[in-house]
Amino acid sequence: MTLDTLNPVSPRRGKCADMHLWRPYTQMKTAPDALPVVSAEGVRLTLADGRELIDGVSSWWTVCHGYRHPHIMTAVKDQLDRLPHVMLGGLTHDPGERLAQRLAELAPGELNHVFFCESGSVSVEIAMKMAVQSWLNRGVKGRTRFVCFRGGYHGDTIATMSVCDPEEGMHALFAGSLPQQIVADLPEDEVSAARFEALLDAHADEIAGIVTEPLVQGAGGMKFHSPQTLQRIRAACDARGLPLILDEIMTGFGRLGTMFACEKAGVVPDIMTVSKALTGGTLPLAAAIASREMFGHFWSDDAGAALMHGPTYMGNPAACAAANASLDLFEGEPRLEQVAAIEAAYERFLPQARDIPGVVDVRWQGAVGVIEMKGLPGLDRLKADFVEAGIWVRPFNKIVYLMPPYVISAEDLEALISATIGVTRTWAGRHFAPR
Ligand SMILES: *Cc1c(COP(=O)(O)O)cnc(C)c1O
């Protein structure tokens, strides 16, 4: 490979010529330039050239109240004026204490103990460490592996890559350097449930816990499973005393119509991870929320039994202030009703996508709308066509999906759905035979 073509004055590259900013999941040599965004308001991004785009993906699923909601802006500014940051080792602060208490009240069952960090991946790592150490603290050795599911996604760090889908996911490349986990198919019917149980029994003494996304596997391809599937997983955990980790990073905070997806199945995990919409897309924050029982495994006179984790920026006060303000908005504004309205609009308009050439499936749940294709050839062109149509939609894998901010107006939502279907139809016509 040569860097000869990394020409700092390449006319095509414009301001990005020097490539100092290395972008996510991006082939820097061939990818189109990133679009510079200068401001945002409500559901709209404003580009440097003055164009406005309706954000159909809520900035990677975070901006649930729309951009720059005044209540969150004020709360963060006030917090910055008083205490932007302080370490949590030996010290504490009101926004963090309050947020932990509110999350404990909001989370189902006895999920009462909140461990903060800065990113979703790290919250899953912490949940995994909790599960492993909970066995060690009870004097049980050898329980170091996790059961995870095909189609799952839990993050980009080493341990979380190991519990992502091993083949279809983005991380197959790294297989050789990851811990070997136990990958199962979701127990979606009697046959797969029996296989799942047999797998658990075959590895009975090595399993530290089971980790899954509840009801929707997001970045693995927006695959849906039933509440019964989740109930089967919970029952299998209960029968064996295994902790269940539910990763609600994508589904949490109303995405599927209830505050947390597991509520739809009446399932309570032993550890729940949250991030993404936690601060309403304002500042990075995540948490692993443990049950009373899980916390109890660390509650001891032995200092060595303490949970051995502590991120530097843990529980950043400004981020906690944003999250507290976001929770105020869930209490004071009709967010879950807005999600129900988005779902109703999908039900009304998304079926129109079913006869697009190359479409395999059209589905929706809560604020998540999905058009699954046979494939996405000419993906860069499709993305550019969405921008041309005034919408920000980011297809991946074989999926064109929508996850707009919950506050989107009926008018903007209809425009977003219809532009998504129209652009996809035109693009698909160039790549797939008519249905
Ligand atoms: C986004 C996501 C993560 C990773 O969160 P980061 O903040 O990107 O590290 C983990 N699990 C699920 C379900 C996610 O959607």
Side-chain angles (χ1 to χ4, degrees), residues 21-26 34 37 39-40 45 55 57-69 71-89 92-100 102-103 106-107 114-129 153-161 213 218-219 247-255 260 271-289 309-330 394 403 405-406:
L21 198 161
W22 199 338
R23 289 150 54 200
Y25 310 118
T26 301
V37 178
S39 66
L45 303 169
D55 185 351
V57 297
S58 305
S59 270
W60 272 339
W61 325 342
T62 60
V63 187
C64 56
H65 312 289
Y67 290 93
R68 294 202 299 119
H69 192 292
H71 181 66
I72 303 182
M73 293 301 97
T74 306
V76 172
K77 283 176 188 166
D78 286 354
Q79 188 58 45
L80 288 177
D81 280 342
R82 264 175 291 136
L83 179 68
H85 183 63
V86 70
M87 63 188 276
L88 266 192
T92 190
H93 50 77
D94 186 57
E97 294 284 348
R98 246 191 100 221
L99 180 60
R102 292 175 82 179
L103 288 173
L106 204 56
V114 181
F115 198 97
F116 288 118
C117 58
E118 325 83 342
S119 83
S121 300
V122 173
S123 71
V124 175
E125 296 253 349
I126 291 167
M128 292 169 75
K129 281 177 73 174
Y153 175 82
H154 299 285
D156 290 354
T157 55
I158 298 284
T160 58
M161 283 197 291
E213 295 154 278
D247 180 349
E248 292 256 10
I249 292 169
M250 191 277 269
T251 51
F253 305 105
R255 187 88 52 198
F260 300 101
I271 309 171
M272 181 164 88
T273 56
V274 294
S275 185
K276 295 222 161 88
L278 173 58
T279 65
T282 313
L283 289 165
L285 186 68
I289 309 177
H309 204 90
T312 305
Y313 274 94
M314 167 172 201
N316 171 262
C320 288
N324 276 314
S326 173
L327 294 185
D328 295 342
L329 293 175
F330 277 100
R394 295 288 286 178
M403 250 194 239
Y406 306 162

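Bear in mind that the values here come from a model prediction, so they are computed numbers and not experimental data.
- Checked against side chain to side chain contact (heavy atoms under 4.5 Å, CB included), A219 has the following partners two or more places apart in sequence or in another chain: W61, Y153.
- Listed by chain and number, the residues in a side-chain hydrogen bond (donor to acceptor under 3.5 Å, both in side chains) with T251 are E248 (sequence neighbours excluded).
- Every side-chain hydrogen bond (donor to acceptor under 3.5 Å, both in side chains) that T273 has, sequence neighbours left out, goes to D247.
- The closest donor-acceptor contact from the side chain of T279 to the backbone of L283 lies under 3.5 Å.
- Contacts of S39 classified as side chain to side chain contact (heavy atoms under 4.5 Å, CB included), with partners at least two apart in sequence or in another chain: T46.
- Residues forming a side-chain hydrogen bond (donor to acceptor under 3.5 Å, both in side chains) with T312 (at least two apart in sequence, or on another chain): none.
- Checking side-chain atoms of Y406 against main-chain N and O of R255 turns up a donor-acceptor pair under 3.5 Å.
- Legend: residues meeting side-chain hydrogen bond (donor to acceptor under 3.5 Å, both in side chains) with Q79, ordered by chain and number and at least two apart, are absent.
- Under the salt bridge (charged side-chain N to carboxylate O under 4.0 Å, His left out) criterion, R98 pairs with no residue, sequence neighbours left out.
- Every side chain to side chain contact (heavy atoms under 4.5 Å, CB included) that T74 has, sequence neighbours left out, goes to D78.
- Of all heavy-atom pairs between G315 and F116, the closest is N-CB, 3.5 Å.
- For M73, the side chain to side chain contact (heavy atoms under 4.5 Å, CB included) partners two or more places apart in sequence, or in a different chain, are R68, T282.
- Looking at residues two or more places apart in sequence or on another chain, you find a ring-ring contact (aromatic ring centres under 6.0 Å, His included) between F253 and F260.
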Using distance only, find each side-chain donor-acceptor pair of residues 316-328 under 3.5 Å and give its atom names and separation, not counting sequence neighbours.
residue	atom	partner	partner atom	Å
N316	OD1	A318	N	3.2
N316	OD1	A319	N	2.9
N316	ND2	P84	O	3.1
N316	ND2	H85	ND1	3.1
N324	OD1	R102	NH1	3.3
N324	ND2	P95	O	3.0
N324	ND2	C320	O	3.2
S326	OG	H65	NE2	2.7
D328	OD1	R102	NH1	3.1
D328	OD1	R102	NH2	2.7
D328	OD2	H71	NE2	2.8

